[in-house]
Amino acid sequence: MLPDPNSLYGPLDPAPDAGYENAPPRMGFFTDTSVCIGCKACEVACKEWNGVPENGLDLLGMSYDNTGALTANSWRHVAFIEQPRPAGHGASPADVLGAPVDADAARPVDAGAGPQFLGMPGAQPPGRGTGVEERTDFRWLMMSDVCKHCTHAACLDVCPTGSLFRTEFGTVVVQEDICNGCGYCISACPYGVIDQRKDDGRAWKCTLCYDRLGAGMTPACAQACPTESIQYGPLDELRERAAARVETLHDRGVPEARLYGHDPNDGIGGDGAFFLLLDEPEVYGLPPDPVVTTRDLPKMWKRAGLAALAMAAATVAAFVGGSS
């Protein structure tokens, strides 16, 4: 069945369409944000394995986030989003994780029985000092962001040197020794993932540990994740696993759980790295309806060509008319 021509542009099966014969299954990431604890092990593992330079230890005034965004020196970025969360809204962290709920947490106690914290984790479970009825705290939405390794990758379309290429695993990699620093890929990326290093001007981003994949190894970030929030494997299997996880969360009283970047019929053709979110994509700094930015280039060039022909014809007509 042909895809919707209004939403897709480019190859549908990335590796075979890029010329690989007998390509292995497409590999990717499924990041389940409902079990992310914000430990940043993925950031550290990525930097250590890939030799990514440090980007400072200054806090940005945004919770415990000290990287802020995906950059040339942050190929994984753990976002911390703080949300006010009134009592009784949705499920507790224990419900999401599937752990037993401590009934004692609901017992009101003397307000002087220890320090009380509004929002930050403290010595006592939320509600101990005020009672369940008056409980007001917030939740952290944590997400380890990464390059999406798009099915329809605009960065590939605009790269003039071939520095960006599609691997046999369907991922997108930058060859830094070929990059000329033109920056076209940066403006073409619908997610704002790719970035240039200030000291050399070349583009850098996640490679999905291409060197490890070739050796049959798991990418460093997924290997280091202690809660299996980052899962690596064949993309088709990950999509099935993710759909089952969403259904489980809905059954546990988390109706806001949804998948992002998993749909092969979206404007990117589905991402090689997709996410389970607990709120709208905009809350996490993700575009709600991303579209490959080069989708309309053929129409644009066609119209530009027709306009050029029309101008040339008008010029010739003017000269012919003037000489007669």
A.B. asks: Applying a strict under-4.5 Å side-chain criterion to I, L, V, M, F, W and Y, I'd like to know whether Ile230 and Met27 cluster together.
C.D. replies: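 Yes, same cluster.
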
A.B. asks: Let me confirm one number: the OG1-CG distance from Thr294 to Leu156, rounded to the nearest 0.5 Å.
C.D. replies: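 Nearest 0.5 Å value for the OG1-CG distance: 9.0 Å.
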
A.B. asks: If you take all heavy atoms of Thr151 and Gly270, which pair is closest and at what distance?
C.D. replies: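 Taking Thr151 first and Gly270 second, the nearest heavy atoms are OG1-O, 2.6 Å.
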
A.B. asks: Check whether any side-chain heavy atom of Arg245 sits under 4.5 Å from a side-chain heavy atom of Ser34, and report yes or no.
C.D. replies: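 Yes, side chains in contact.
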
A.B. asks: Within the distance-only criterion (no hydrogens, no angle test), does the side chain of Lys205 pair as donor or acceptor with the backbone N or O of Val172 below 3.5 angstrom?
C.D. replies: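 Indeed, once roles are kept as given, a pair shorter than 3.5 Å links the two residues.
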
A.B. asks: Apply the test side chain to side chain contact (heavy atoms under 4.5 Å, CB included) to residues Asp279 and Arg139: give CA-CA distance (whole Å), side-chain angles for both, the deciding distance (0.1 Å), then the verdict.
C.D. replies: CA-CA 12 Å; Asp279 209 323; Arg139 65 173 180 176; 3.6 Å; yes

A.B. asks: Are more than 12 heavy atoms, taken from residues, nucleotides or ligands other than Asp251, located less than 6.0 Å from that residue's CG atom?
C.D. replies: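 It does: Asp251 CG has more than 12 such atoms within range.
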
A.B. asks: Work out which heavy atom in Gln231 is nearest to a heavy atom in Leu238; give both atom names and the distance.
C.D. replies: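 Looking at all heavy atoms of both residues, the closest pair is O-CD1, 3.9 Å.
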
A.B. asks: At their closest point, which heavy atom of Leu249 faces which heavy atom of Ala257, and how far apart are they?
C.D. replies: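 In this case the closest contact between Leu249 and Ala257 is CD1-CB, 3.8 Å.
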
A.B. asks: Side-chain contact, heavy-atom cut-off 4.5 Å: Cys182 with Pro160?
C.D. replies: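 Yes. Closest side-chain heavy atoms under 4.5 Å.
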
A.B. asks: Would the distance check show the side chain of Asp200 and the main-chain N or O of Arg202 forming a donor-acceptor pair, the cut-off being under 3.5 Å?
C.D. replies: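 Side chain of Asp200 to backbone of Arg202, a donor-acceptor pair under 3.5 Å: yes, one is there.
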
A.B. asks: Taking only residues at least two apart or on different chains, which pairs with a member in residues 234-272 satisfy ring-ring contact (aromatic ring centres under 6.0 Å, His included)?
C.D. replies: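 Passing the test, one end in residues 234-272: no pairs.
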
A.B. asks: Is the closest side-chain heavy-atom distance between Trp75 and Asn50 below 4.5 Å?
C.D. replies: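 Heavy-atom side-chain distance check passes, below 4.5 Å.
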
A.B. asks: What are the two closest heavy atoms between Ile194 and Cys155, and how far apart are they?
C.D. replies: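 Shortest heavy-atom separation between Ile194 and Cys155 comes out as CD1-CB, 3.7 Å.
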
A.B. asks: Which ring-ring contact (aromatic ring centres under 6.0 Å, His included) pairs, counting each pair once, include a residue from residues 266-289, with sequence neighbours left out?
C.D. replies: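 Applying ring-ring contact (aromatic ring centres under 6.0 Å, His included) to every pair that reaches into residues 266-289, excluding sequence neighbours, yields Phe30-Phe274.
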
A.B. asks: Is a side-chain N or O of Thr207 found less than 3.5 angstrom from the main chain of Cys209, in a donor-acceptor match?
C.D. replies: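 Pair found, side chain donor or acceptor close to backbone of Cys209.
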
A.B. asks: Any donor-acceptor pair under 3.5 Å linking the side chain of Thr171 with the backbone of His149?
C.D. replies: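 Not a single qualifying donor-acceptor pair exists.
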
A.B. asks: Name each donor-acceptor pair under 3.5 Å that joins a side chain in residues 35-42 to protein atoms two or more places apart or in another chain, with its distance.
C.D. replies:
residue, atom, partner, partner atom, Å
Lys40, NZ, Glu43, OE2, 3.2
Lys40, NZ, Asn66, OD1, 3.2

A.B. asks: State yes or no: do Tyr210 and Val146 share one hydrophobic cluster built from I, L, V, M, F, W and Y residues joined by side-chain heavy-atom distances below 4.5 Å, directly or via other members?
C.D. replies: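 Yes, Tyr210 and Val146 fall within the same hydrophobic cluster.
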
A.B. asks: Just wondering, do Thr33 and Leu141 contact through their side chains at under 4.5 Å, heavy atoms?
C.D. replies: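 No; the side chains remain at least 4.5 Å from each other.
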
A.B. asks: With a 6.0 Å cut-off (strictly less than), is the heavy-atom count around CD of Glu282, excluding the residue itself, greater than 12?
C.D. replies: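 Above 12, so yes.
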
A.B. asks: Side chain to side chain contact (heavy atoms under 4.5 Å, CB included) between Tyr191 and Asp271: does it pass, once the steps are laid out?
C.D. replies: CA-CA 11 Å; Tyr191 295 104; Asp271 294 324; 2.8 Å; yes

A.B. asks: What I'd like to find out is whether the side chain of Leu276 reaches to under 4.5 Å of the side chain of Val246, using heavy atoms alone.
C.D. replies: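 Yes. Closest side-chain heavy atoms under 4.5 Å.
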
A.B. asks: Is a salt bridge present between Lys148 and Asp145, judged by a nitrogen-to-oxygen distance below 4.0 Å?
C.D. replies: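 Looking at Lys148 and Asp145, the cut-off is met.
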
A.B. asks: Are side-chain heavy atoms of Arg76 and Thr31 found at a separation under 4.5 Å?
C.D. replies: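 A side-chain contact under 4.5 Å exists here.
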
A.B. asks: Please check this pair: side chain of Arg166 against backbone of Ala15, looking for a donor-acceptor N/O pair closer than 3.5 Å.
C.D. replies: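 No, the answer is negative, given that no donor and acceptor are paired below the 3.5 Å cut-off.
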
A.B. asks: Closest heavy-atom contact between Pro287 and Pro281?
C.D. replies: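 Pro287 and Pro281 have their closest heavy atoms at O-CB, 4.2 Å.
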
A.B. asks: Does Asp65 form a side-chain hydrogen bond (donor to acceptor under 3.5 Å, both in side chains) with His77? I'd like the steps, not just the answer.
C.D. replies: CA-CA 9 Å; Asp65 189 348; His77 165 236; 2.9 Å; yes

A.B. asks: Do side-chain atoms of Arg197 reach the backbone of Gly201 as a donor and acceptor pair under 3.5 angstrom?
C.D. replies: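 No, the answer is negative, given that no donor and acceptor are paired below the 3.5 Å cut-off.
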
A.B. asks: Once you round to the nearest 0.5 Å, how far does OG1 of Thr218 lie from CZ of Arg212?
C.D. replies: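 Taking OG1 in Thr218 and CZ in Arg212, the distance rounds to 7.0 Å.
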
A.B. asks: Could you tell me whether a side-chain N or O of Lys47 sits under 3.5 Å from a main-chain N or O of Pro53, the two making a donor and an acceptor?
C.D. replies: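 Flag set: sc Lys47 to bb Pro53 pair under 3.5 Å.
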
A.B. asks: Under 4.5 Å between any side-chain heavy atoms of Leu208 and Thr167, yes or no?
C.D. replies: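 Contact flag for Leu208/Thr167 side chains = no.
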
A.B. asks: Using the rule that two of Ile, Leu, Val, Met, Phe, Trp, Tyr join whenever any of their side-chain heavy atoms come within less than 4.5 Å, decide whether Phe29 and Met217 are in one cluster.
C.D. replies: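 Hydrophobic grouping puts Phe29 apart from Met217.
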
A.B. asks: Please check if the number of heavy atoms outside Glu247 that lie under 6.0 Å from its CD is greater than 12.
C.D. replies: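 No, CD of Glu247 has 12 or fewer neighbouring heavy atoms, counting only those of other groups under 6.0 Å.
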
A.B. asks: Are Leu213 and Phe165 joined in one hydrophobic group, where the rule is that I, L, V, M, F, W and Y side chains link up if heavy atoms are under 4.5 Å apart?
C.D. replies: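 Yes, same cluster.
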
A.B. asks: Tell me whether Glu228 at atom CD has more than 12 heavy atoms from other residues, nucleotides or ligands lying less than 6.0 Å away.
C.D. replies: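 Open.
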
A.B. asks: Under the 3.5 angstrom rule, does the side chain of Arg26 hit a backbone N or O of Leu235 as a donor-acceptor pair?
C.D. replies: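 Flag not set: sc Arg26 to bb Leu235 has no pair under 3.5 Å.
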
A.B. asks: Rounded to the nearest 0.5 Å, what's the gap from CG on Leu164 to SG on Cys179? Could you check?
C.D. replies: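 So the CG of Leu164 and the SG of Cys179 are separated by 7.5 Å.
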
A.B. asks: So which atom in Ile268 and which in Cys150 form the shortest heavy-atom distance, rounded to 0.1 Å?
C.D. replies: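 Smallest interatomic distance, heavy atoms only, reads CG2-CB, 3.1 Å.
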
A.B. asks: Is it the case that one hydrophobic cluster holds both Met143 and Val254, taking links as side-chain heavy atoms less than 4.5 Å apart, direct or via other members?
C.D. replies: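 As far as the 4.5 Å side-chain criterion goes, Val254 and Met143 are connected within one cluster.
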
